[in-house]
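Okay, so here's the structure we're looking at.
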Amino acid sequence: MLSLRPPHTTFPRTSPWLRWGRLGGAAAPHCLSAAAPALARETAAGPGSVSFPILVNGCTGKMGLAVAEAAVLRGLHLVPVSFSSREKVKETIQVGQTDIRICGPSAREDDLSSVADEFPDVIVVDYTAPDSVNCKQFNPLFVMGTTGGDRQLLYKSVQDSKNYALISPQMGKQVVAFVALMRIFAEQFPGTYSGYHLEVLESHQASKKDTSGTAKDVIACFEKLGVPYDMNRMVKIRDPEQQLEMVGVPEEHIDGHAFHLYHLTSSDDSASFEFQHNVGGRSIYAEGTIDAAIFLHSKVQSKDSKRIYNMEDVSREGYMR
Ligand SMILES: NC(=O)c1ccc[n+]([C@@H]2O[C@H](COP(=O)([O-])OP(=O)(O)OC[C@H]3O[C@@H](n4cnc5c(N)ncnc54)[C@H](O)[C@@H]3O)[C@@H](O)[C@H]2O)c1
Ligand SMILES: O=C(O)C1=N[C@H](C(=O)O)CCC1
């Protein structure tokens, strides 16, 4: 079933998922070249830069740690506490010169209210798990990178509180721009792909509990373009062996990657279109998150009338490095 003919000579009838095996080794390094420079190359805050306290929830996880490291390198003041899941509570984590005390979820509202007193302008960044998305933030100014949970409720609670927040399931600026492009595409050419069939595949680390929030946003654009899609049909790959052999995820990124493929086929199979965005590691998200925190801090300082932002706002206002 695997087509080995060059893509321009064929309109594949096979599942694009199967064709990922063929794309594997060759495509991955090229796709991964979009990743941001390694965090280690970043320098501390330069002239004209800002500094404010930042508290990162989920520091025992991959994103939380990457964001904490990026915060230090960008000259922000890392608050030495972090919320995590119950089993990690005894841990202390060192990031730069800061020893971060890990607190359990139950401490979220009580023990740490003193942090908000001590650091009134602290921005809280959350990279935990879908089941904590709707927990009340002890501090009203936050950047929500965690995906899943009840998103409507999340927006409603921020709206009701009239506080500031930046919420995005996608912090990587190149992917944010791709999703924005898809949105504009759909707004300008609604219904263009009516009658087409859509296949969506997403591959993430085995620990990812929810469906990709980015894929959901892109699918909403395809729906405007005329292609209805049942989310239950999405192929979600979480098995490391399949990821290595079929998707072509490099081994070093098995624990942290986001590979997406959207494939459109016309009803008579005479035309097909394919969109991909493949990211390995956490660096583009960590950098984007710091950009988001700096952006949100500036909005709070200027008492901006808009209260809830997304990454498109950050990018459009030139905050993404
Ligand atoms: N917005 C983005 O651009 C973006 C990028 C990458 C990951 N993510 C999302 O961020 C989240 C974290 O990703 P990760 O790769 O760091 O995962 P991870 O599993 O490496 O880390 C999650 C951390 O959260 C902690 N945790 C789990 N449940 C918790 C709870 N109820 N309360 C507090 N802490 C809890 C865990 O102990 C762990 O340390 C996921 O939802 C993921 O989808 C978003
Ligand atoms: O869990 C991840 O890894 C990612 N999740 C986001 C999503 O759900 O779309 C995107 C970035 C990587």
Side-chain angles (χ1 to χ4, degrees), residues 34-36 55-70 81-91 93 100 102-109 112 124-138 142-149 151 154 165-176 178-179 200-220 231 234 236-238 243 249 253-260 262 277-293 310-312 314-315 320:
L55 185 151
V56 184
N57 289 331
C59 268
T60 49
K62 294 178 292 292
M63 270 312 302
L65 182 60
V67 170
E69 288 173 346
V81 279
S82 171
F83 295 103
S84 194
S85 49
R86 213 167 291 115
E87 66 271 21
K88 310 257 178 145
V89 166
K90 295 255 156 29
E91 288 183 32
I93 290 189
I100 301 176
I102 307 300
C103 305
S106 59
R108 211 167 175 115
E109 286 178 43
L112 291 180
V124 175
V125 171
D126 197 285
Y127 276 106
T128 55
D131 63 4
S132 72
V133 160
N134 300 111
C135 292
K136 190 168 169 286
Q137 295 290 335
F138 79 92
F142 67 90
V143 173
M144 178 59 76
T146 310
T147 53
R151 307 303 280 188
L154 173 64
L166 188 144
I167 302 170
S168 178
Q170 178 56 250
M171 300 284 181
K173 78 170 167 185
Q174 295 81 4
V175 186
V176 169
F178 168 73
V179 180
V200 181
L201 303 96
E202 58 98 324
S203 171
H204 287 81
Q205 60 282 353
S207 59
K208 183 167 176 68
K209 297 190 173 71
D210 57 323
T211 303
S212 164
T214 310
K216 288 181 191 165
D217 286 351
V218 174
I219 287 166
M231 290 287 180
M234 197 185 309
K236 289 182 267 179
I237 305 163
R238 297 287 181 272
Q243 292 170 341
V249 178
H253 295 314
I254 287 296
D255 283 347
H257 68 274
F259 277 39
H260 293 70
Y262 312 88
H277 51 95
N278 299 340
V279 176
R282 311 273 96 180
S283 59
I284 69 168
Y285 313 121
E287 286 304 318
T289 304
I290 301 303
D291 296 333
N310 59 34
M311 288 308 278
E312 224 182 292
V314 181
S315 219
M320 283 189 136

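Numbers here simply count residues along the sequence, with the first being 1. As the structure lists them, so they are numbered: ligands from 1, and atoms in each ligand from 1.
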Numbered atoms and elements of ligand 1 in range of S84, under 4.0 angstrom, heavy atoms: 25 (C), 33 (C), 34 (N), 35 (C), 36 (C), 37 (O), 39 (O)
Test of proximity, P130 against ligand 1: N or O pairs below 3.5 Å: no
Whether G148 lies under 4.0 Å from ligand 1, heavy atom: no
L166, V124, N57, L55 screened by side-chain contact (heavy atoms from CB on, under 4.5 Å) with F142, the one that passes: V124
Ring centers of H204, H253 separated by less than 6.0 Å: no
Minimum non-hydrogen distance to atom 42 (C) of ligand 1, winning option of V143, T147, V133: T147
Any N/O pair D131/ligand 1 closer than 3.5 Å: yes
Minimum side-chain heavy-atom gap S82-I93 below 4.5 Å: no
Per atom 1 (N) of ligand 1, closest listed option by heavy atom (G145, G58, G64, G281): G145
Proximity to ligand 1 by part of S168, non-hydrogen separation under 4.0 Å: backbone
Distance filter under 4.0 Å to A129 heavy atoms, resulting ligand 1 atoms: 27 (C), 28 (N)
From M63 atom CE to Y127 atom OH, the distance as rounded to the nearest 0.5 Å: 4.0 Å
Residue shell around ligand 2, heavy atom under 4.0 angstrom: T147, P169, Q170, H204, Q205, K208, S212, G213, T214, A258, R282, Y285
Contact check, side chains of V314 and E312, non-hydrogen atoms, under 4.5 Å: no
Minimum side-chain heavy-atom gap T214-H260 below 4.5 Å: yes
Close N or O approach (M171, ligand 1; < 3.5 Å): yes
Distance-only N or O hit between ligand 1 and G172, under 3.5 Å: no
Contact partition for R282 relative to ligand 1, non-hydrogen atoms under 4.0 Å: side chain
Flag side-chain contact, heavy atom, 4.5 Å: H277 against Y262: yes
Part of K209 with heavy atoms under 4.0 Å of ligand 1, whether side chain, backbone, both or neither: neither
Shortest non-hydrogen separation from M171 to G145 and the atoms involved: CE-CA, 3.8 Å
Any donor-acceptor pair under 3.5 Å from E202 side chain to M234 backbone: no
Worked check of side chain to side chain contact (heavy atoms under 4.5 Å, CB included) between V200 and M231: CA-CA 9 Å; V200 181; M231 290 287 180; over 6 Å; no
K236 and L201, any side-chain heavy atoms less than 4.5 Å apart: no
For K208, all residues meeting salt bridge (Lys or Arg N to Asp or Glu O under 4.0 Å), sequence neighbours excluded: D210
Side chain, backbone, both or neither: C135 near ligand 1, heavy atoms under 4.0 Å: neither
